[in-house]
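Written below as structure tokens is the structure these notes are about.
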There are 2 protein chains.
Amino acid sequence: MARRDGRGGKGSEMTMREVAVRAGVALSSVSRVLNNHPDVSESMRAKVLTAVSELSYEPNLIASSLRRGSTMTVGFIVADISNPLFAEFSKGAATELDLAGYTMVLANSEFKKERDAQLARLFRWRRVDGLIISLADQDHPETIAELQRLEAPIVLFDRDAPQLPQASTVTADHAGGIRRATDHLLDLGHRRIAMITGPSPLRPTQERMRGFWEAYKARNIGHPADLVRLGSFDAAFGEAAASEFLQRSSPPTAIISGSNQLLVGVLRALHRMGLRPGRDIALVSCDDVPLAELHHPPITIVHRDTIHMGKVAAELLLERIRDEDAPPRLATVRTELLVRDSTFPITV
Amino acid sequence: MARRDGRGGKGSEMTMREVAVRAGVALSSVSRVLNNHPDVSESMRAKVLTAVSELSYEPNLIASSLRRGSTMTVGFIVADISNPLFAEFSKGAATELDLAGYTMVLANSEFKKERDAQLARLFRWRRVDGLIISLADQDHPETIAELQRLEAPIVLFDRDAPQLPQASTVTADHAGGIRRATDHLLDLGHRRIAMITGPSPLRPTQERMRGFWEAYKARNIGHPADLVRLGSFDAAFGEAAASEFLQRSSPPTAIISGSNQLLVGVLRALHRMGLRPGRDIALVSCDDVPLAELHHPPITIVHRDTIHMGKVAAELLLERIRDEDAPPRLATVRTELLVRDSTFPITV
DNA sequence: TTGTATGCGTTATCAA
DNA sequence: TTGATAACGCATACAA
């Protein structure tokens with residue numbers, strides 16, 4: 001019986017049908033053996049498994065997915081996988097998903113909200129069983145709409161999206177972390193503390209500013225106006241913001257940077273101007289990276305365990321994949337202030 | 001007509017059949033319209049597209065994959081996605097694949113060769129259209145066997161595998177890079193140059209050692225024995241190797257480190273012993289990262305464009321996906337010595 | 001240009 | 001416990 005259409009590979013691919021013929025049993029029996037169905041005799045199991053190995057049969061997971069209605073894949077949409085923050089998060093998630101038999105499907109949005117929407121649609125069409133996403137823009141209506149149409153469970157990474165009440169969320173205690181960092185700087189006598197962090201509408205930014213203001217308010221200290229720069233998480237923004245701050249007539253005595261990329265920019269600005277953190281200006285950044293640990297002097301950091309966050313995201317997702325009635329949950333991982341030599345008492 | 005089996009989601013998923021009914025046309029016509037088949041009248045196209053949008057029809061890519069025999073997915077097996085080297089490479093590849101309509105499926109081998117084999121098999125079962133892999137162990141027979149059984153094209157990242165003649169390879173000019181780095185150090189008067197890099201059987205290690213010896217040989221200088229440490233690419237190994245070197249009675253005057261992770265270890269060792277690169281010892285590392293640029297002093301680096309390497313890997317793969325008769329190719333991207341302040345003339 | 005019919009490889013139902 | 005058979009949703013050969 002020749003192929004009626006253009007399909008077909010090198011022809012070496014065995015199917016269950018051929019295994020069944022070889023073993024002299026029914027197709028359905030092969031399926032039962034391979035899926036460990038309880039009702040199979042030992043002799044049947046033996047016959048089938050011999051045929052399987054004789055023919056080097058390999059299951060076709062695409063056919064299986066179509067029939068079962070589940071692909072055992074989880075989509076992961078991230079702004080930029082080359083950012084260590086996302087890379088570690090994805091590793092934590094992938095490892096955990098893997099343990100449960102799920103494979104991660106990855107796509108970079110490149111910080112473009114339209115890409116988020118596109119990719120969400122693509123993954124829906126690919127019938128992923130779940131989706132983890134770090135939205136480029138948590139209010140983008142198109143993306144929200146695409147996500148709302150998704151029947152599979154969703155986990156948001158560090159984002160607030162009230163329009164997606166069905167989504168679980170994993171975030172970090174940014175407010176607490178920045179509160180401790182700010183208190184630490186205030187304890188050291190700093191008053192003119194500059195804050196450089198990401199886009200204003202994003203959860204991490206909102207939470208950080210909350211912690212920041214709280215620290216000032218708790219001491220009844222008026223915070224100096226115009227020492228806050230919210231914009232984006234990249235190095236160029238960090239460099240520009242830091243440069244601008246440092247050229248003022250009364251510059252800040254301390255800077256808090258909101259990401260590892262911003263830190264790169266801030267350090268570039270400092271180096272360029274011949275300023276040394278820990279001596280000429282106090283510096284705190286968010287998320288520990290080798291650069292922070294091994295800088296001279298080492299940089300004080302608001303730390304969170306990003307690999308763990310990935311693991312938690314996977315857990316939240318699996319929970320809802322396994323039980324579609326499970327309510328969405330919000331998981332907040334703790335942050336920790338790693339005090340290093342870039343913060344020092346003000347000496348004026 | 002009720003479902004005969006347990007399948008089915010929330011029921012809101014439309015199929016081509018329902019679109020066909022709604023539009024009052026045949027199922028095959030719907031397919032033709034959606035696949036931009038040339039032989040479709042304007043009226044047909046209009047009818048179908050209206051029905052599609054009225055019903056919010058969404059294609060099922062799993063069914064499509066089964067029927068077409070192609071999944072439009074590419075597997076990517078990497079030791080550790082949280083390593084910036086691999087993360088940037090994967091980004092370059094994913095971006096390029098995306099342009100061609102392919103989606104990347106990611107898995108971490110965690111440097112375990114058994115995982116490589118497992119994952120290769122899983123991706124074969126998932127019917128990926130291509131595979132990019134950075135082998136943990138380029139001689140592991142089980143993994144080689146699994147890869148040989150794969151009908152889809154393969155691209156190796158920075159590995160030699162003579163047993164996989166059908167695979168394309170993307171690598172970097174490690175030999176040239178290290179040759180230039182070594183020449184640079186020799187020019188500066190260094191003679192006792194230590195080399196710390198990855199597992200001996202791996203291509204990058206082999207190539208680097210080749211460039212290293214070449215530099216010595218070209219000047220008829222005997223290289224000091226016992227100043228080479230080949231083992232693994234992680235920070236712990238780098239720290240141990242550097243510590244050992246520096247505790248000797250006649251320590252090296254320069255160190256070459258073979259990866260960003262090794263650099264972290266080497267710097268930890270130096271910092272711990274109170275030694276400053278660029279003053280107490282010369283230091284060169286491989287692959288530029290923020291830590292190298294912003295270290296005090298900045299670290300001299302053998303640079304390669306890893307995002308570009310990912311792009312090239314994707315191109316090599318797509319070439320062979322599109323034309324299965326295309327011969328496998330070897331692409332070597334250039335390396336470049338970025339001279340910074342961690343290398344200095346020996347003053348003895 | 002359009003419609004009819006078949007099969008991709010699997011799982012699940014039903015009857016034996 | 002096993003076998004026959006019908007979908008899963010789609011793309012294509014073939015007939016009209």
Side-chain angles (χ1 to χ4, degrees), chain A residues 1-9 11-48 51-52 55 57-72 124-127, chain B residues 1-9 11-48 51-52 55 57-72 124-127:
Chain A
M1 189 170 76
R3 283 237 158 75
R4 290 196 53 199
D5 48 51
R7 260 218 66 254
S12 76
E13 289 177 19
M14 291 295 152
T15 72
M16 281 194 181
R17 162 171 255 97
E18 296 162 76
V19 173
V21 170
R22 174 83 169 216
V25 304
L27 174 55
S28 47
S29 294
V30 177
S31 174
R32 273 189 289 257
V33 168
L34 295 178
N35 288 290
N36 295 314
H37 188 98
D39 294 345
V40 280
S41 67
E42 262 320 306
S43 69
M44 173 65 83
R45 158 166 267 99
K47 271 189 289 187
V48 168
V52 160
L55 297 178
Y57 165 80
E58 311 217 306
N60 183 327
L61 262 32
I62 299 302
S64 174
S65 292
L66 176 59
R67 180 59 236 232
R68 283 196 213 271
S70 122
T71 55
M72 300 304 281
R124 214 172 52 229
W125 290 5
R126 283 199 180 282
R127 299 298 193 269
Chain B
M1 188 170 76
R3 283 239 161 74
R4 290 198 53 200
D5 49 54
R7 262 216 66 255
S12 75
E13 291 177 18
M14 291 296 153
T15 72
M16 280 194 181
R17 161 172 256 97
E18 295 162 78
V19 174
V21 170
R22 174 81 169 217
V25 303
L27 174 55
S28 51
S29 294
V30 178
S31 174
R32 274 189 287 257
V33 168
L34 295 179
N35 289 290
N36 294 312
H37 188 98
D39 295 345
V40 280
S41 67
E42 262 321 307
S43 70
M44 173 63 83
R45 156 165 269 97
K47 272 190 288 185
V48 168
V52 160
L55 297 178
Y57 165 79
E58 310 218 306
N60 183 325
L61 262 31
I62 299 303
S64 175
S65 292
L66 177 59
R67 179 59 234 240
R68 290 178 130 94
S70 120
T71 55
M72 299 305 280
R124 215 170 52 228
W125 291 5
R126 283 200 181 282
R127 298 298 192 268

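Residue numbers start from 1 in every chain, and the chains themselves are labelled A, B, ... in the order their sequence lines are given, proteins ahead of strands.
- Residues forming a side-chain hydrogen bond (donor to acceptor under 3.5 Å, both in side chains) with R127(A) (at least two apart in sequence, or on another chain): none.
- Note on the helix from dT1(C)-dA16(D) to dA16(C)-dT1(D): terminal axis deviation equals 40°, with five pairs used at each end and the result rounded to 10°.
- Of the candidate nucleotides dG9(C), dA11(D), dT10(C), dA11(D) has the atom nearest to the side chain of R68(B).
- Looking at heavy-atom distances under 4.0 Å, L61(A) makes no contact with the nucleic acid at all.
- Of all the residues in residues 28-37 of chain A, S28(A), S29(A), R32(A) reach under 4.0 Å from DNA chain D with at least one non-hydrogen atom.
- If you check every strand for non-hydrogen atoms under 4.0 Å, N60(B) touches sugar and phosphate atoms only.
- Every side chain to side chain contact (heavy atoms under 4.5 Å, CB included) that R45(A) has, sequence neighbours left out, goes to N36(A), V40(A), E42(A), L49(A).
- A donor-acceptor contact shorter than 3.5 Å is absent between the side chain of S64(B) and the backbone of N60(B).
- Between the base of dT11(C) and the side chain of R67(A) there is a donor-acceptor pair shorter than 3.5 Å.
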What pairs of donor and acceptor atoms, side-chain ones from residues 25-35 of chain B against any protein atom, are under 3.5 angstrom apart with sequence neighbours left out?
unit_1: S28(B); atom_1: OG; unit_2: R32(B); atom_2: NH2; d: 3.4
unit_1: S31(B); atom_1: OG; unit_2: N35(B); atom_2: ND2; d: 3.3
unit_1: N35(B); atom_1: OD1; unit_2: R68(B); atom_2: NH2; d: 3.4
unit_1: N35(B); atom_1: ND2; unit_2: S31(B); atom_2: O; d: 2.8

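- Closest contact between the side chain of S41(A) and the listed nucleotides dT1(D), dC10(D), dT2(C) involves dT1(D).
- In this structure R126(A) satisfies the salt bridge (charged side-chain N to carboxylate O under 4.0 Å, His left out) test with no other residue, sequence neighbours excluded.
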